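Quick caveat, the model's predicted, so the values are computed rather than measured.
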2 protein chains.
Amino acid sequence: MTYCLGMKIKDGLIFMSDTRTNSGVDNVSSYKKMFTWTKNNKASITILTAGNLATTQALVSELNGRNISDNSRALELFSQPTMFQASKFVGKKLKKIIDGNSSDGLRADSSFNATIILGGQIKGGEPRIFLIYPQGNFIEVSQDNPFFQIGETKYGKPILVRGYDYEMGFSDAVKLMLLSFDSTVKANLSVGFPLDLHIYKADTFREGKIKRIEADNKYYSKISNGWSKALKAAFNSMPNFPIE
Amino acid sequence: MTYCLGMKIKDGLIFMSDTRTNSGVDNVSSYKKMFTWTKNNKASITILTAGNLATTQALVSELNGRNISDNSRALELFSQPTMFQASKFVGKKLKKIIDGNSSDGLRADSSFNATIILGGQIKGGEPRIFLIYPQGNFIEVSQDNPFFQIGETKYGKPILVRGYDYEMGFSDAVKLMLLSFDSTVKANLSVGFPLDLHIYKADTFREGKIKRIEADNKYYSKISNGWSKALKAAFNSMPNFPIE
């Protein structure tokens, strides 16, 4: 499995992904699941991937233009005029890759599946985040549903539901996302460190702060330990259940 | 779906279950998923059920001896000398019901499935909790894995992992379980109030405190609201992520 999270706040977009992949417990490795393409002063687009690794790598390679032998690789992604068009473009590519793998050779349709979070901003539009399904269609974040999770989503949802605030700053939002990842990592072996983080500031149209967070990252250790303690304290501050 | 939780602490066993069942969003209703059989000074056995409602109701009816026309219904469950034997007995019954539904008529094997948490104490033995699979086999709680969840288990796991302590009292344990249910109910519509609670005190060999907790239960409202606030406070007490 995987855990990826894309969140929209007032100031911009934040993306976080883990790096663990596995096919069975004896074949565990780390792969990047976050990819960012930037065209300075024009566009910044990030995708997060969950699902079959061969499918998502094929998608990223195609988006990088590796299927074109020409050296001049003009990224098709940047010829999309809007984020909506970019999602449509990526969704179409994704569907094609999955269909291609499913129809010939082994029948294992579902296992070629992948889900994508695509977010960013193209000049002329707002920062936007989309969730792209293996079928190629997609939905967008809204004020009512301001973040998308893919992969192992359930463990880390309660804290997001309770902590999210559209007006919160980047620093608080990253803290919230790290706590959501911490809950997930502590409960499920298929999600693991290091994590990748990308903070995109609205209207900058370039790559924002990109950081890899290792398990021994000082800040993470501090909030992971601190959170356990703070939860204990919060728990103790609640009134006891009255047993008659 | 469903959410049921059986937990062992030093002082005894605690069981909690929701009551929501649904087959599609337009067919939602409430059913009890917790059943307790007691033979005073000899045994107290509780089961929690998740899965196909027809299957679990058939199981409970059989355990109640409703398949025997005789009035004297001697509960077979109480002829089991140990909790292990009782689990084996229930597992066998469960498997038989599922097999029976699957083999004739429609083929929909998986949808007849059900999973059971069985816990309690029979004189001569310790309080024990088992998780019984649709295949009829089962596993037991251990010090390392001191509680079983069935149904929609993921949302409510992180708080259990962090808060559980074998030495905690009933009052704290119920509080912890309610917070776990609260996280689940807030994140997933297929789990809903009212909740059923059974507190079994070790070595009493009779029904313990049984309580139905409605959504407007005062204590629950207090900790549900309080928890949101306490989490916010805990969140704010964590250091901010350093954005350079």
Checklist outcome for this item: Of the listed Ala233(B), Gly226(B), Ala173(B), Ser237(B), the one with the largest count of heavy-atom pairs under 4.5 Å with chain A is Gly226(B)

Checklist entry - Looking only at atom types and distance, does a side-chain atom of Lys209(A) sit under 3.5 Å from a main-chain N or O of Ile243(B), one as donor and one as acceptor? => result no

Item to check | Tyr166(B) OH: over 12 foreign heavy atoms closer than 6.0 Å | outcome: yes

Next on the checklist: At a 4.5 Å cut-off on heavy atoms, which part of Tyr219(B) comes close to chain A: side chain, backbone, both, or neither?
Outcome noted: side chain

Item to check | chain B contact via Leu179(A) - which portion, at a heavy-atom distance below 4.5 Å | outcome: side chain

Checklist entry - When you look at NZ of Lys201(B), are more than 12 heavy atoms from neighbouring residues, nucleotides or ligands closer to it than 6.0 Å? => result no

Checklist outcome for this item: In terms of heavy-atom contacts, Phe241(A) and Ile213(B) come closest through CE1-CD1, 4.5 Å

Checklist entry - Does Leu189(A) CG have over 12 foreign heavy atoms under 6.0 Å away? => result no

Next on the checklist: So for atom NZ, which belongs to Lys229(B), do other residues, nucleotides or ligands contribute more than 12 heavy atoms lying within a distance under 6.0 Å?
Outcome noted: no

Checklist outcome for this item: Ranked by heavy-atom pairs below 4.5 Å to chain A, first place among Arg162(B), Lys232(B), Lys186(B) goes to Arg162(B)

Checklist outcome for this item: Among Thr153(B), Leu176(B), Ile159(B), Thr184(B), the residue with the most heavy-atom pairs under 4.5 Å to chain A is Leu176(B)

Checklist entry - Given a strict heavy-atom distance threshold of 4.5 Å, which part of Met168(A) is in contact with chain B: side chain, backbone, both, or neither? => result side chain

Checklist entry - Is the side chain of Lys175(A) donor-acceptor paired with the backbone N or O of Met238(B) at a distance under 3.5 Å, no angle test? => result yes

Checklist entry - Where do Ser171(A) and Asn240(B) come nearest, in terms of heavy atoms and distance? => result OG-CB, 3.0 Å

Item to check | Steps toward side-chain contact (heavy atoms from CB on, under 4.5 Å) verdict (Asp172(B), Phe235(A)) | outcome: CA-CA 9 Å; Asp172(B) 267 356; Phe235(A) 181 74; 4.1 Å; yes

Checklist entry - Can you find a pair of side-chain heavy atoms, one from Lys157(A) and one from Lys154(B), that are under 4.5 Å apart? => result no

Checklist entry - For Lys211(A), is it the side chain, the backbone, both or neither that has a heavy atom under 4.5 Å from a heavy atom of chain B? => result side chain

Checklist entry - Are Leu231(B) and Leu231(A) close enough that some pair of their side-chain heavy atoms sits under 4.5 Å apart? => result yes

Next on the checklist: Can you tell me which portion of Tyr155(A) sits under 4.5 Å from chain B's heavy atoms? Options are side chain, backbone, both or neither.
Outcome noted: both

Checklist outcome for this item: Given Leu160(B), Asp182(B), Val161(B), the one with more heavy-atom pairs under 4.5 angstrom with chain A than any other is Asp182(B)

Checklist entry - Is the count of non-hydrogen atoms from other residues, nucleotides or ligands lying under 6.0 Å from Arg212(A) atom CZ greater than 12? => result yes

Checklist entry - Should we count NZ of Lys10(B) as having more than 12 external heavy atoms under 6.0 Å? => result no

Next on the checklist: Under 4.5 Å from any heavy atom of chain A, what part of Ser180(B) do you find: side chain, backbone, both or neither?
Outcome noted: neither

